[in-house]
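Notes follow once the structure below has been shown.
Convention: sequence-line order gives letters A, B, ...; per-chain numbering from 1.
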Protein chains: 2
Amino acid sequence: MKQQDLFRALADPNRRRILKALQKGSMTAGEIGALFAFTAASLSHHFSILKAADLVRTERRGHHIVYSLNSTVLEDVSRMVLDLFPLTRR
Amino acid sequence: MKQQDLFRALADPNRRRILKALQKGSMTAGEIGALFAFTAASLSHHFSILKAADLVRTERRGHHIVYSLNSTVLEDVSRMVLDLFPLTRR
DNA sequence: ATTAAACTTAGACGATTATCTAAATATTGT
DNA sequence: ACAATATTTAGATAATCGTCTAAGTTTAAT
């Protein structure tokens, strides 16, 4: 299910840090890895979850893989969050 | 940490169902329990996590405990979510 | 074709999590 | 004080999760 993928992806603090790092622009997996302490394998695992939630997009460039934030999901996230609360005005 | 408590609380689908149930108004733990399949103990566990995230408030009434949604957190959640994405205009 | 570089996949391990049963703790009414 | 009701806490168990190492895959350059 889509909604669960999203909430699950956002539940991990390191994944949120990755998302924040990507705010500054697209980066290769290696560049992001350099910012954090974990192994390439762990990073790749996080990316697979972020991709499943459609929070990031990938594009191969040479033998690098460039990751970028998929900002269009923001609407979905917002909707899901708002959906959990009764609106004061509707 | 506050942010982690919030994202963690929202990560579980059953807790999101509880939040949605509370949209219709305050309910006692028992009333909510009647809507779901798990035991009172499990429910209580979920409530403790929702409380830690400040998503619900409690009030004792007789020997019932009334749970209600704390809508003021909505702002915090929204801010946290928006914080993860670069705004198109700022 | 081989090698090197950049990621991913597979498999393992410890930590956290959701759930349960059983026992404990209020609170009210008798 | 005592019993009944409502909820929480403790302790156990199975499943999920984050991380690691080691092996595999893909691309580019020689």
Side-chain angles (χ1 to χ4, degrees), chain A residues 1-22 24-70 84, chain B residues 1-22 24-70 84:
Chain A
M1 193 211 191
K2 193 84 181 312
Q3 178 164 346
Q4 182 53 23
D5 285 344
L6 240 166
F7 279 110
R8 176 164 106 86
L10 293 175
D12 183 79
N14 284 326
R15 282 193 288 271
R16 294 198 302 274
R17 291 207 296 153
I18 291 171
L19 290 176
K20 278 204 74 70
L22 284 174
K24 301 176 182 69
S26 305
M27 300 173 87
T28 67
E31 287 171 332
I32 299 172
L35 299 176
F36 298 99
F38 26 74
T39 63
S42 297
L43 194 64
S44 187
H45 173 244
H46 284 310
F47 278 134
S48 79
I49 291 173
L50 290 170
K51 279 188 67 170
D54 206 29
L55 284 161
V56 299
R57 294 277 166 77
T58 66
E59 177 201 352
R60 190 171 259 286
R61 196 132 64 198
H63 37 206
H64 295 268
I65 294 184
V66 180
Y67 281 88
S68 50
L69 214 54
N70 175 19
L84 293 173
Chain B
M1 191 209 193
K2 195 83 184 310
Q3 178 163 346
Q4 181 53 22
D5 286 344
L6 239 166
F7 279 112
R8 175 166 106 85
L10 294 175
D12 183 81
N14 284 326
R15 283 194 288 270
R16 294 198 302 273
R17 291 206 297 152
I18 291 172
L19 290 176
K20 278 203 76 69
L22 284 174
K24 301 176 183 71
S26 305
M27 300 173 85
T28 69
E31 287 172 332
I32 299 172
L35 299 176
F36 298 100
F38 25 74
T39 63
S42 298
L43 194 63
S44 186
H45 171 245
H46 283 310
F47 277 134
S48 78
I49 290 172
L50 290 171
K51 278 189 68 172
D54 205 30
L55 283 162
V56 299
R57 293 276 166 77
T58 67
E59 177 201 353
R60 189 172 259 285
R61 196 132 66 197
H63 36 207
H64 295 269
I65 293 183
V66 180
Y67 281 89
S68 51
L69 214 53
N70 174 20
L84 293 173

Can you check whether [X] has a side-chain N or O nearer than 4.0 Å to OP1 or OP2 of [N]?
X        : N       : result
Arg60(B) : dA26(C) : no
Thr39(B) : dC20(C) : yes
Ser42(A) : dG18(D) : no
His64(A) : dC7(C)  : yes

Would you indicate what Arg61(A) reaches in the nucleic acid, counting non-hydrogen atoms under 4.0 angstrom: base, sugar-phosphate, or nothing?
-> nothing
Base, sugar-phosphate, or nothing: which does Ala29(B) touch, judged by heavy atoms less than 4.0 Å apart?
-> sugar-phosphate
Roughly how many Å is it from [atom1] in [X] to [atom2] in [N], rounded to a whole number?
X        : N       : atom1 : atom2 : result
Arg8(A)  : dG18(D) : CZ    : P     : 6 Å
Leu43(B) : dT5(D)  : CG    : P     : 19 Å
Gln4(A)  : dT16(D) : CD    : P     : 12 Å
Phe36(B) : dT19(C) : CZ    : P     : 11 Å
Asp12(A) : dT16(C) : CG    : C1'   : 12 Å
Phe38(A) : dC20(D) : CZ    : P     : 8 Å
Glu31(B) : dT5(D)  : CD    : C1'   : 14 Å
Ile49(A) : dT16(D) : CD1   : P     : 13 Å

Should the pair Arg61(A)-Glu59(A) be classified as a salt bridge under the 4.0 Å nitrogen-to-oxygen rule?
-> yes
Which nucleotide, [options], lies nearest any side-chain atom of [X]?
X        : options                  : answer
Ile65(B) : dT27(D), dT7(D), dC20(C) : dT7(D)
Ala40(A) : dT8(C), dA5(C), dT9(C)   : dT8(C)
Thr28(B) : dT7(D), dT9(C), dA10(D)  : dT7(D)
His46(A) : dT21(C), dT19(D), dT7(D) : dT19(D)
His63(A) : dT9(C), dT19(C), dA28(D) : dA28(D)
His45(B) : dT8(D), dT8(C), dA18(C)  : dA18(C)
Tyr67(B) : dT19(C), dT21(C), dT8(D) : dT8(D)
Asn14(A) : dT9(C), dT19(D), dT8(D)  : dT19(D)

Look at the side chain of Gln4(B) and the backbone N and O of Asp12(A), then say whether any donor-acceptor pair between them is shorter than 3.5 Å.
-> no
Distance-only, no hydrogens or angles: does the Arg16(B) side chain make a donor-acceptor pair with backbone N or O of Leu10(B) under 3.5 Å?
-> yes
Once you round to the nearest 0.5 Å, how far does CD of Glu31(A) lie from NE2 of His64(A)?
-> 8.0 Å
Tell me, with the steps shown, if Leu19(B) and Val56(B) meet side-chain contact (heavy atoms from CB on, under 4.5 Å).
-> CA-CA 8 Å; Leu19(B) 290 176; Val56(B) 299; 4.0 Å; yes
Write down the atom of Leu22(A), the atom of Met27(A), and the distance for their closest heavy-atom approach.
-> CD2-N, 4.0 Å
First of Gly62(A) and Ala41(A) reached from the 5' end of DNA chain D, by closest nucleotide | Ala41(A)
